[in-house]
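What follows is one structure encoded as structure tokens, with my remarks underneath.
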Amino acid sequence: MNSQIFHPFVLPFVLGMAFVLTYCLVGLIRVISQLPKDDRKKFWRSLVTPKTAWANIRDLFGDCLFHVKIWKRNPVLGYMHTAIAFGWFMIIVIGHVMLFTLKPLQGVEVERLQGMFTNFYYPIFFKYFAEETPVFAFLMDFFLLMIISGILIAVVKKIHSKIVGVKRVMHFGFADSLIRFALWTIFPFRLIAEKTNIMAFWWLYSIDLLIFMCMLPFTRYMHIPTEALFILLRHAGIKVTEPRKGYVLAELYSCPSCGLCIDACPMSVNDKMSGNTSAYFMKKLRNKDTEESQRIAETCLMCGKCVKICPLSIESCDIKFSQRASIPYNINSDHSYLNVISTEAEKSSKVLYFAGCMTQLTPKIMRAMKQIMEKAGEDYQFMDENGVICCGRPMMLSGKTAEAKAMVEKNTELIKKSGATKLVLSCPICYKVFKEEYHLEGIEIQHHTQYIDELVKTGKLKVSKGDVNYVYHDPCELGRAFEIYDEPREVLENVGNLRKAKSEKEISICCGGSLGSFTLTQQERDEITANSVNDLMFNNPDEIVTACPLCLKTFARKSPVKVKDIAEVVSEKI
Amino acid sequence: MDFGFCLSPSSHVKMDSVDLTTFNRLKEINPDVNTCIACGSCTATCTAGNFTEMSFRRMLLMLQRGKEDEAKKMIQRCMLCGKCTLVCPRGINIRKILLDITR
């Protein structure tokens with residue numbers, strides 16, 4: 001009886017589809033069951049909370065179907081991906097609409113066709129089963145050609161990626177190459193089959209789909225089903241806790257290995273170092289290559305650029321943190337000696353200035369800040385003029401959050417005892433940790449860029465405008481982490497002319513000195529720095545200005561022009 | 001008998017019999033250890049050294065003399081702030097070495 005309603009060529013497809021669906025279902029249960037109990041509750045709740053539900057819908061359409069973030073980054077790649085993914089989606093949708101609205105071909109009963117559960121297959125090969133009308137035929141052709149145009153771009157990208165504006169691409173193994181070939185051939189086969197109705201092409205089409213679907217769970221194309229789950233989990237506010245379980249698993253399988261992070265990574269100055277980028281990290285971790293993934297996790301500068309430009313906002317830095325934490329170091333930190341430091345404040349004042357370790361190494365920033373605060377007539381005091389306690393961030397960067405606690409507690413005590421209402425910091429590394437890990441209720445935390453900007457705007461500090469051309473370098477932990485882009489630029493425009501760098505704001509390139517990396521050698525760092533300086537020198541500025549003592553120190557080694565901190569520049573103009 | 005004073009214990013190190021496996025392994029992973037000129041910049045800037053006897057320069061010396069336990073004890077004070085690495089005139093990645101000693 002069944003032989004009447006389907007041709008055996010659909011069998012490979014049905015088989016593949018059944019496999020993929022089963023795999024995804026098992027994976028879904030696995031990820032959700034591995035989530036900590038609280039996270040799971042959060043997840044279920046987020047699905048019914050209107051705000052997150054709306055964000056889910058927006059991103060499911062925006063990211064999974066229209067790839068808005070890729071369009072923003074590179075329109076050609078955006079078109080390429082949208083053409084293939086959205087085109088395919090539309091073909092499936094229109095196909096279904098056709099199936100349910102059109103008259104089936106002679107000898108086939110509608111009920112049978114729709115009987116997904118009564119018969120064991122589901123007809124997808126519509127042309128074969130149902131008559132087409134001109135409108136549907138046009139739509140199907142249109143989207144099929146759209147897909148094929150996308151595939152053409154993909155082929156061009158494979159042959160010569162620079163044409164589509166991509167410098168470095170991912171290198172794939174055999175499985176990934178084979179499935180890509182299968183994907184590329186699915187649609188030409190379908191086009192030929194639709195137009196000629198030669199049985200052999202329908203068979204090829206169906207077998208191609210079988211190959212694609214059977215390989216999908218083991219290759220990068222697993223991102224197609226996983227990214228939807230990942231978007232839901234991300235919006236639920238779940239954070240990375242385990243090195244390779246639950247939420248992280250969803251992130252790992254969502255990474256499409258698109259390689260956008262490779263060109264963005266500051267380490268991609270040569271071929272060898274470009275293997276340390278997030279795309280490779282995710283792949284290695286996914287393949288359970290612990291040694292390599294730990295090595296990359298320790299090498300990463302943690303500048304966060306890959307997270308910012310990732311079309312899916314995969315939190316690769318957080319995953320690297322959890323990897324670092326899993327490396328068995330036996331430091332057995334003992335910071336009990338911090339207890340002997342007196343917490344008695346010498347005097348109390350409104351503004352407390354914390355220079356931090358790095359600023360201690362660049363005392364000119366401290367001097368400049370002193371000058372600025374004196375001039376503005378601020379009631380201030382230095383917290384660490386004679387010996388500083390580390391803020392704890394470097395310890396956390398190595399994955400040891402618990403060990404950093406002693407420093408966090410001591411600093412908190414010192415700050416609270418001072419009676420200040422405002423804490424000014426010169427180091428973005430400290431700024432990040434004070435903002436995120438310290439509990440300083442009632443105390444406003446500002447980086448000196450914000451503080452100086454405020455002083456200038458409120459008229460407390462009068463500055464004169466010179467004619468020096470500055471370029472501003474966004475420190476990673478100030479820019480990408482807290483989006484403090486405008487304050488320093490407004491300050492600089494008040495004291496001179498601001499020129500643009502080639503890559504600015506969220507895509508600014510790390511100076512190469514970052515404490516985030518544990519294993520980069522000095523030579524490797526120098527290469528990164530040289531590249532970053534080149535980028536800043538794009539518009540031939542007279543001076544490079546930054547707001548981080550570490551960037552300042554790093555650039556000073558390689559820059560052809562003077563490098564200054566923003567506090568220094570301002571102190572010269574008051 | 002307690003006289004209320006005594007001779008300090010001998011700090012004599014028999015180089016023929018000390019166990020240098022840790023130091024040799026360290027040199028293997030981080031060849032830049034060999035380039036250290038013991039200038040003491042790391043010690044001078046050390047954040048922990050401001051409060052304790054922590055000193056990377058001395059730590060290397062201890063390891064060279066097989067006093068592994070003392071070196072490891074010293075590392076416990078480290079805050080990993082990285083100032084030592086920044087000031088090193090030889091560009092030695094001191095933070096990495098500190099971590100590798102304990103690995």
Side-chain angles (χ1 to χ4, degrees), chain A residues 294 298-299 324 327-341 356-362 384 386-400 403-404 406-407 410 427 429-430 513-526 549-550 552-554 557, chain B residues 22 25-37 39-56 59 63 68-103:
Chain A
Q294 284 181 345
E298 281 204 291
T299 311
R324 282 181 181 188
I327 301 174
Y329 290 125
N330 298 309
I331 289 200
N332 303 322
S333 287
D334 173 16
H335 299 125
S336 50
Y337 59 86
L338 293 176
N339 287 331
V340 301
I341 300 165
C357 305
M358 295 301 148
T359 319
Q360 299 274 353
L361 282 183
T362 47
D384 55 351
N386 315 304
V388 58
I389 307 173
C390 176
C391 61
R393 171 124 173 105
M395 208 72 188
M396 289 175 192
L397 275 170
S398 70
K400 290 178 235 315
E403 283 89 337
M407 296 167 238
K410 192 70 197 178
C427 176
I429 306 168
C430 304
S514 169
L515 283 176
S517 172
F518 277 84
T519 54
L520 280 180
T521 62
Q522 196 56 54
Q523 289 82 354
E524 287 168 328
R525 283 181 188 270
D526 282 351
L550 188 51
L552 176 81
K553 238 183 133 40
T554 315
R557 296 161 56 103
Chain B
T22 310
R25 186 181 53 95
L26 194 67
K27 279 203 291 190
E28 216 171 280
I29 335 175
N30 301 291
D32 48 352
V33 169
N34 294 317
T35 63
C36 174
I37 49 171
C39 69
S41 300
C42 45
T43 309
T45 50
C46 183
T47 307
N50 208 4
F51 308 108
T52 66
E53 76 290 359
M54 163 91 191
S55 156
F56 178 72
M59 201 187 299
L63 286 174
E68 203 178 298
D69 294 340
E70 280 178 52
K72 280 187 178 165
K73 209 168 169 210
M74 207 180 243
I75 296 176
Q76 297 179 350
R77 316 268 181 252
C78 177
M79 304 196 219
L80 288 178
C81 71
K83 273 155 92 182
C84 47
T85 312
L86 284 182
V87 296
C88 180
R90 308 293 275 184
I92 301 173
N93 193 351
I94 298 176
R95 271 195 328 156
K96 164 93 180 341
I97 293 169
L98 282 169
L99 287 173
D100 279 340
I101 294 173
T102 61
R103 199 167 182 170

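Letters A, B, ... mirror the listed sequences (proteins, then strands); counts begin at 1. Owing to the predicted nature of the structure, the values given are computational and were not obtained by experimental measurement.
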Sort Glu298(A) into side chain, backbone, both or neither according to what part of it lies under 4.5 angstrom from a heavy atom of chain B. side chain
Proximal component of Met395(A), with respect to chain B [non-hydrogen, under 4.5 Å]: both
Taking Arg90(B) first and then Asp32(B), would you say they form a salt bridge - that is, a charged N and a carboxylate O separated by under 4.0 Å? no
Which answer fits Thr519(A), side chain, backbone, both or neither, if we ask what part of it has an atom under 4.5 Å from a heavy atom of chain B? both
Let me know if Ile327(A) has heavy atoms under 4.5 Å from chain B in its side chain, its backbone, both or neither. side chain
Tell me, side chain or backbone of Ile429(A) under 4.5 Å from chain B's heavy atoms, or both, or neither? neither
Verdict with reasoning, Arg324(A) to Leu397(A), per side-chain contact (heavy atoms from CB on, under 4.5 Å): CA-CA 8 Å; Arg324(A) 282 181 181 188; Leu397(A) 275 170; 4.2 Å; yes
What part of Tyr329(A) gets closer than 4.5 Å to chain B, counting heavy atoms only: side chain, backbone, both or neither? both
Stepwise, does the side-chain contact (heavy atoms from CB on, under 4.5 Å) test hold for Lys553(A) with Thr362(A)? CA-CA 8 Å; Lys553(A) 238 183 133 40; Thr362(A) 47; 4.0 Å; yes
Is Leu515(A) close to Met358(A) at the side-chain level, that is, under 4.5 Å between some pair of heavy atoms? yes
Got Asp384(A) and Gln360(A) here, is their nearest side-chain heavy-atom distance under 4.5 Å? yes
With side-chain contact (heavy atoms from CB on, under 4.5 Å) as the criterion, how do Met59(B) and Leu98(B) come out once you've worked through the C-alpha distance, each side chain's angles and the decisive distance to 0.1 Å? CA-CA 9 Å; Met59(B) 201 187 299; Leu98(B) 282 169; 3.6 Å; yes
Identify which part of Cys88(B) has an atom lying under 4.5 Å from any heavy atom of chain A, answering side chain, backbone, both or neither. neither
Ser336(A) versus chain B, heavy atoms under 4.5 Å apart: side chain, backbone, both or neither? neither
Between Leu80(B), Leu99(B), Ile92(B), which shows the greatest number of heavy-atom pairs under 4.5 Å with chain A? Leu99(B)
What I'd like to find out is whether the side chain of Asn93(B) reaches to under 4.5 Å of the side chain of Thr521(A), using heavy atoms alone. no
